[in-house]
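So the structure is just underneath, and the comments pick up after that.
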2 protein chains.
Amino acid sequence: MPKITFTNLKEDKKKILVDAFLKEFATHTFDDASLTSVVKSLGIAKGSIYQYFDDKLDLFMYLINECTSTKMKYFKDLKREDCSDFWVFFRLLYSEGIKFDLENPLQSHFLHNLVSSLNSPSIKSLYDDLLNQSVAGFEKMIEHEIKLGLFRADLPIKTMGFLLYKSGVAIQEQMQVFGEINPKESIKNNTPVYQGKVDVLLKTVDDYIQLLKRAFDKEL
Amino acid sequence: MPKITFTNLKEDKKKILVDAFLKEFATHTFDDASLTSVVKSLGIAKGSIYQYFDDKLDLFMYLINECTSTKMKYFKDLKREDCSDFWVFFRLLYSEGIKFDLENPLQSHFLHNLVSSLNSPSIKSLYDDLLNQSVAGFEKMIEHEIKLGLFRADLPIKTMGFLLYKSGVAIQEQMQVFGEINPKESIKNNTPVYQGKVDVLLKTVDDYIQLLKRAFDKEL
DNA sequence: TTACTTTATGACTAGTCAGTCATATTTTAT
DNA sequence: ATAAAATATGACTGACTAGTCATAAAGTAA
């Protein structure tokens, strides 16, 4: 948690700081991100960071919380019961995610890179925590679908949850590996991750749904 | 490529060196692995490494090549045409992989950790290369199955290849996340990755196949 | 034994970084 | 205007790294 000193800061100064750190962590892993280089480019003293935060990890977790809570707002009106099936809901997660991306490019880039930045050895336990949380979330959804008699019930829910989570991550990694998006460039230009690539992303999501639907749905 | 000096080394000395480095890279990412600490524990001079290899990356790639070529030997008799369908072949890749693991624990641990160790920023391009190679391999197999009329043909092969590759990686990550295997411990004890967990692994592979089969097979 | 080649050495360079702390400046309240 | 509280500073510590290089030792062939 940030210290009171940080909370007391004026909004515009806070934003300048947060944006600079978001950018750093959006382009580096946790270990590779250099607070030294950020304060240099901001023209503030190294010690200031430690007036605001306990340490590097405290700052990093603050950024995670800020961004996820912003993104969650885009999800709050999404309800499974308003959807004809799970996959409609699954797709809505992405289309709302795109809105978040277009309206909060920097935060979106940060979250987009989170999968990579979390790979640092020194924060392995944080990585594990977040992964377990995510997987648990998917497990719950799957359990619900099984209760509705819509998902197959012959396989371990944990396995289904894990694959579903990993597939979600694979979608965004695929966009990058296939060269559809270029985060490095778009961060430089302050443009969203999926700028001009919304259709490609949704097409990819639809393709994944075509695959996963068959894998998860109860056979008819 | 290693220098001639390394090639000239006696086999037993070579093995001691290679094993020590395998262990280091099996327990750290590329950037986090410390050559300094390895030479210290080996009791040899820092400079020796640079009589044997150009640099850290040269050494790392030598280890990758050694281990993959060992593992490939276990695959060389596997032929798709000897299998009734792709999934039998897919499963054989894992059961042969287990043989490799049991007979070459250290090399297996190294390859097992490769997915993680490659995540270092300084070798991003190597990561990309190996990922593209792997995905391309899966694409070819999928293309073949489509020609045989066994896999669905309504989705991009690249997407199918990517998901299949990521699923393969997910299997081993799931084993670790679910606590079935404990690489850190087994490296210490010089035991294979899947020591006593062969059945769990094959069960997991079978579960994944149950999911992927439906996703990829042509509907009947 | 001598001359030559191959191998081994480890102090050293030059660079990185997170985090500290005594001091100085600025802001606020009286 | 003064005292007190809140912020900002940046030189410094301690710890780590890959890679270098002149020198020393060991091995080999005559």
Side-chain angles (χ1 to χ4, degrees), chain A residues 1-18 20-21 23-25 27-63 117-126, chain B residues 1-18 20-21 23-25 27-63 117-126:
Chain A
M1 279 214 314
K3 300 185 179 173
I4 332 103
T5 312
F6 181 74
T7 322
N8 292 343
L9 246 45
K10 287 176 203 150
E11 280 309 314
D12 55 342
K13 176 156 194 185
K14 246 197 284 197
K15 189 170 159 40
I16 289 170
L17 292 173
V18 167
F21 286 115
K23 202 168 205 161
E24 179 69 10
F25 284 112
T27 48
H28 300 85
T29 64
F30 178 81
D31 284 344
D32 212 43
S34 163
L35 303 187
T36 308
S37 97
V38 174
V39 295
K40 262 183 198 158
S41 80
L42 281 174
I44 64 166
K46 183 82 172 287
S48 293
I49 300 179
Y50 297 88
Q51 304 276 26
Y52 306 148
F53 300 95
D54 289 335
D55 51 27
K56 195 182 185 181
L57 182 58
D58 186 38
L59 162 57
F60 187 61
M61 298 212 328
Y62 169 74
L63 296 177
S117 52
L118 278 170
N119 263 311
S120 289
S122 65
I123 49 166
K124 175 98 176 64
S125 64
L126 177 59
Chain B
M1 279 212 317
K3 300 185 179 173
I4 331 102
T5 312
F6 181 74
T7 322
N8 293 342
L9 246 44
K10 289 175 202 152
E11 279 309 315
D12 55 343
K13 176 156 194 186
K14 245 197 286 197
K15 190 172 159 38
I16 288 171
L17 292 173
V18 167
F21 286 115
K23 203 168 203 161
E24 178 69 10
F25 284 112
T27 48
H28 300 84
T29 64
F30 178 80
D31 284 344
D32 212 43
S34 163
L35 303 187
T36 307
S37 97
V38 174
V39 295
K40 262 182 198 158
S41 80
L42 281 173
I44 64 167
K46 184 80 173 288
S48 293
I49 300 178
Y50 297 90
Q51 304 277 26
Y52 306 148
F53 300 94
D54 289 334
D55 51 28
K56 195 181 186 182
L57 182 57
D58 186 38
L59 161 57
F60 187 61
M61 298 213 325
Y62 169 75
L63 297 177
S117 51
L118 278 170
N119 264 311
S120 289
S122 64
I123 49 165
K124 176 96 176 66
S125 64
L126 177 59

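The figures that follow rest on heavy atoms only: side chains count, while hydrogens, waters and symmetry mates do not. So you know, we letter chains A, B, ... as the sequences are listed, proteins then strands, and number each from 1.
Following rounding to the nearest Å, B:Ile16 (CD1) and C:dA8 (P) show an atom-to-atom distance of 12 Å. Spacing between atom CG of B:Asp55 and atom P of D:dT17 amounts to 17 Å, rounded to whole angstrom units. At whole-Å resolution of the value, NZ in B:Lys3 and C1' in D:dG19 are 11 Å apart. Note: CG (A:Asp54) to C1' (C:dA18) measures 14 Å, nearest angstrom. Atom-to-atom, CZ of B:Phe6 to P of C:dT6 comes out at 18 Å; the value is rounded to the nearest Å. Rounded to an integer number of Å, the gap from CZ of B:Phe60 to P of D:dT17 is 17 Å. As rounded to whole Å, 14 Å separates atom P of D:dA5 from atom CD1 of A:Ile4. The nearest whole Å value for the distance from the CD atom in A:Gln51 to the C1' atom in C:dT23 is 12 Å.
With distances taken from any side-chain atom of A:Asn8 to the nucleotides D:dG19, D:dA6, D:dG10, the minimum falls on D:dA6. Checking D:dG19, C:dT9, C:dA18 against every side-chain atom of A:Leu35, the shortest atom distance belongs to C:dA18. Closest contact between the side chain of B:Leu9 and the listed nucleotides C:dA8, D:dA8, C:dA18 involves C:dA8. Of the listed nucleotides (C:dA8, D:dG19, D:dA8), D:dA8 has the atom at the smallest distance from the side chain of A:Thr5.
DNA chain C is contacted by both A:Lys40 and B:Ser48; B:Ser48 maps to the nucleotide lying nearer its 5′ end (nearest heavy atom per residue). Projected onto DNA chain D by closest heavy-atom contact, A:Ile49 and B:Lys10 fall at different nucleotides, the more 5' of which corresponds to A:Ile49. Residue-to-nucleotide proximity on DNA chain D shows that, of A:Ile44 and B:Ser34, the 5′-proximal contact is made by A:Ile44.
With hydrogens and angles disregarded, a donor-acceptor distance shorter than 3.5 Å links the side chain of B:Glu24 to the backbone of B:Ser34. Panel note: side chain A:Thr29, backbone A:Asp32; a donor-acceptor pair is recorded below 3.5 Å.
Ring-plane geometry between B:Phe30 and B:Phe25 is classed as parallel, the angle between the planes falling under 30 degrees on a 0 to 90 degree scale with a further cut at 60.
Among the atoms of the strands shown, only primed sugar atoms or phosphate atoms (P, OP1, OP2) are found under 4.0 Å from some heavy atom of B:Lys13. Nucleic acid contact for A:Tyr52: sugar-phosphate only, since backbone atoms but no base atoms lie under 4.0 Å from a heavy atom of the residue. Counting non-hydrogen atoms under 4.0 angstrom, A:Phe53 reaches nothing in the nucleic acid. Using a 4.0 Å heavy-atom distance criterion, A:Asp31 is classed as making no nucleic acid contact.
Regarding contacts with the backbone of D:dC16, every side-chain N or O of B:Thr36 stays at 4.0 angstrom or more from both OP1 and OP2. Side-chain N/O atoms of B:Tyr50 include none lying less than 4.0 angstrom from OP1 or OP2 on C:dA8. At least one side-chain nitrogen or oxygen of A:Lys56 sits closer than 4.0 Å to the OP1 or OP2 atom of C:dA18.
Side chains of B:Asp31 and B:Ser122: a donor-acceptor N/O pair is present below 3.5 angstrom, by distance only.
Judged by distance alone with a 3.5 Å cut-off, a donor-acceptor contact links the side chain of B:Lys46 to the base of D:dA18.
Pairing each heavy atom of B:Thr27 with each of B:Lys23, the nearest pair is OG1-O, 2.8 Å.
Taking CG from A:Leu42 and NZ from A:Lys13, the interatomic distance works out to 9.5 Å, rounded to the nearest 0.5 Å.
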